[in-house]
There are 2 protein chains.
Amino acid sequence: MIGTPRMRLSEKTKAHRADELADKLSTAGLRVTQARLALAHLLFGQGDRHVTADALREEALAAGLKISQATVYNTLNQFHAAGLLRQVQVDQARSYFDTNIDAHHHFYVEEEARLIDIAAQEVDVARLPDSPKGYDVDRVEVIIRLDKSPKA
Amino acid sequence: MIGTPRMRLSEKTKAHRADELADKLSTAGLRVTQARLALAHLLFGQGDRHVTADALREEALAAGLKISQATVYNTLNQFHAAGLLRQVQVDQARSYFDTNIDAHHHFYVEEEARLIDIAAQEVDVARLPDSPKGYDVDRVEVIIRLDKSPKA
DNA sequence: AATTCACTTTAGAATCATTCTAACCCAATT
DNA sequence: AATTGGGTTAGAATGATTCTAAAGTGAATT
Ligand SMILES: [Mn+2]
Ligand SMILES: [Mn+2]
Ligand SMILES: [Zn+2]
Ligand SMILES: [Zn+2]
């Protein structure tokens, strides 16, 4: 399996140019529309993020964008289906969309509804059981649930 | 930390007697009521299970029990709060309640909405990152997502 | 530049799991 | 048997997500 090519820091850090994002959409087989570009800018323009649909909606509104809730959901689902986003399921109430699609794991702080990335190489899953007959491993997820330390 | 004492196979396999279940509830600090006993019988009377609220509701109805949806939810949440059930979050749509409260992991077959237990010793998580300052590990969950093997 | 057409966006309704409310019910105690 | 403090319930409410069907837009074609 070939990993996503690493970007140079300068590319990864600065805001993506519009044509970079447009390329990203086209390459993923999605038409380049205003709504998708605007949301892609919010999602991919500032490093790895974990967002809920509603949080992204509020960001869009705060940024003065006129984008409906349905479009936010449509876009997140399309980006996910196209492999531009990963969906993370840690909370009963809502789902998170992760802009980091490389293999990695998560801390989850339930009290703060906050996800924190763990690089794949930070966790060593040394041994896994065989999959049941007729099934293949799609993905191995490690979720480390955290509590706030009690005040000493 | 002291683990739950293992039962002999004969005890674990056969249906629990009513007084065993009543003890289980009392010990957990829950009053022994008809509804709780009946649901405990369905949940704990047949080995380890992963159930959704709705599935349990249907089982109860099929068994001729007169139990409302609200009571199913109340009871599952109370059993969970009392430590008799674990809640497993793998699917965006609904949550699962797991009668196996020992440390263990899961396979999840999304296509079939089915959870399969993995004994803790079947997975070797050899190395974990340090928790962020001010937070402690509550639980480490490993979820192996499975796909059906393509037909050869 | 106008036309076309498939795809996109949208407001609002619908869905569905879960929770809440407030009235009745029952287990435990006296 | 009366009291009382949960427990149970029907039905309403909530909240995330999806659906509908109508209006808008991107890309290709005249
Ligand atoms: Mn897959
Ligand atoms: Mn805890
Ligand atoms: Zn992540
Ligand atoms: Zn389990």
Side-chain angles (χ1 to χ4, degrees), chain A residues 18-19 21-42 50-61 64-82 84-85 87-97 110 113, chain B residues 18-19 21-42 50-61 64-82 84-85 87-97 110 113:
Chain A
D19 60 304
L21 292 174
D23 274 3
K24 186 164 182 143
L25 297 182
S26 313
T27 302
L30 296 168
R31 266 166 62 165
V32 180
T33 65
Q34 294 185 171
R36 286 180 185 150
L37 264 184
L39 291 177
H41 180 72
L42 291 178
H50 305 100
V51 297
T52 61
D54 195 55
L56 182 59
R57 175 106 206 283
E58 284 178 4
E59 251 183 69
L61 293 182
L65 301 170
K66 187 185 143 290
I67 293 187
S68 71
Q69 186 186 45
T71 297
V72 172
Y73 275 102
N74 287 341
T75 301
L76 286 172
N77 288 332
Q78 290 152 0
F79 283 12
H80 174 237
L84 301 179
L85 289 176
Q87 199 162 5
V88 180
Q89 202 52 46
V90 286
D91 184 300
Q92 163 186 16
R94 58 194 154 273
S95 50
Y96 289 85
F97 291 88
E110 190 167 348
Chain B
D19 61 304
L21 291 174
D23 273 5
K24 186 164 182 144
L25 297 182
S26 313
T27 301
L30 296 168
R31 266 166 62 164
V32 180
T33 65
Q34 293 184 172
R36 286 181 185 150
L37 263 185
L39 291 177
H41 180 72
L42 292 178
H50 306 100
V51 297
T52 61
D54 195 55
L56 183 59
R57 175 104 207 284
E58 284 179 3
E59 251 182 70
L61 293 181
L65 301 170
K66 187 184 144 291
I67 293 186
S68 72
Q69 187 186 44
T71 298
V72 171
Y73 276 101
N74 287 342
T75 302
L76 286 172
N77 287 333
Q78 289 152 359
F79 283 11
H80 174 237
L84 301 180
L85 289 175
Q87 199 163 4
V88 181
Q89 201 52 47
V90 285
D91 183 301
Q92 162 185 18
R94 60 194 146 273
S95 50
Y96 289 85
F97 291 87
E110 190 166 349

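The figures here come from the full heavy-atom set of this structure, side chains too, leaving out hydrogens, waters and symmetry mates. The model shown is predicted, which means the values in this text are computed figures rather than measured ones.
- Here the side chains of B/R94 and B/D54 are not in contact, with every heavy-atom distance at 4.5 Å or above.
- In this structure, the CG atom of A/L76 is 14 Å from the P atom of D/dA16, given to the nearest Å.
- Between the side chain of A/R36 and the backbone N or O of A/R31, at least one donor-acceptor pair lies under 3.5 Å.
- Look at CG on A/L56: it is 15 Å from C1' on D/dT17, rounded to the nearest Å.
- Here D/dA16 presents its C1' atom at 14 Å from CD of A/E58, a figure rounded to the nearest Å.
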How far apart are the C-alpha atoms of A/L84 and A/F97, what are their side-chain angles, what is the distance that settles it, and do they pass the side chain to side chain contact (heavy atoms under 4.5 Å, CB included) test? CA-CA 10 Å; A/L84 301 179; A/F97 291 88; over 6 Å; no

Going 5' to 3' along nucleotides 1-11 of chain D, which nucleotides have protein heavy atoms under 4.0 Å from the base (write B), which only from the sugar-phosphate (write S), and which from neither (write -)? ----BSSSBB-

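- Side-chain atoms of A/Y96 come within 3.5 Å of backbone N or O of A/A113 as a donor-acceptor pair.
- In this structure, CD1 in B/I67 is found 7.5 Å from CG in B/L42, a value given to the nearest 0.5 Å.
- DNA chain C is contacted by A/Q92 of residues 87-96 of chain A, taking any non-hydrogen atom closer than 4.0 Å.
- Annotation: of the two residues near DNA chain C, B/Y73 and B/V32, the 5′-most nearest-nucleotide partner is B/Y73.
- In terms of heavy atoms, A/L30 sits closest to A/A82 at CD1-CB, 4.1 Å.
- Whole-Å rounding puts the B/L37 CG to C/dA28 P distance at 10 Å.
- The backbone N or O of A/L61 sits nowhere less than 3.5 Å from a side-chain atom of A/E59 that would complete a donor-acceptor pair.
- Shown here are the side-chain hydrogen bond (donor to acceptor under 3.5 Å, both in side chains) partners of A/S95, two or more places apart in sequence or in another chain: A/Q87.
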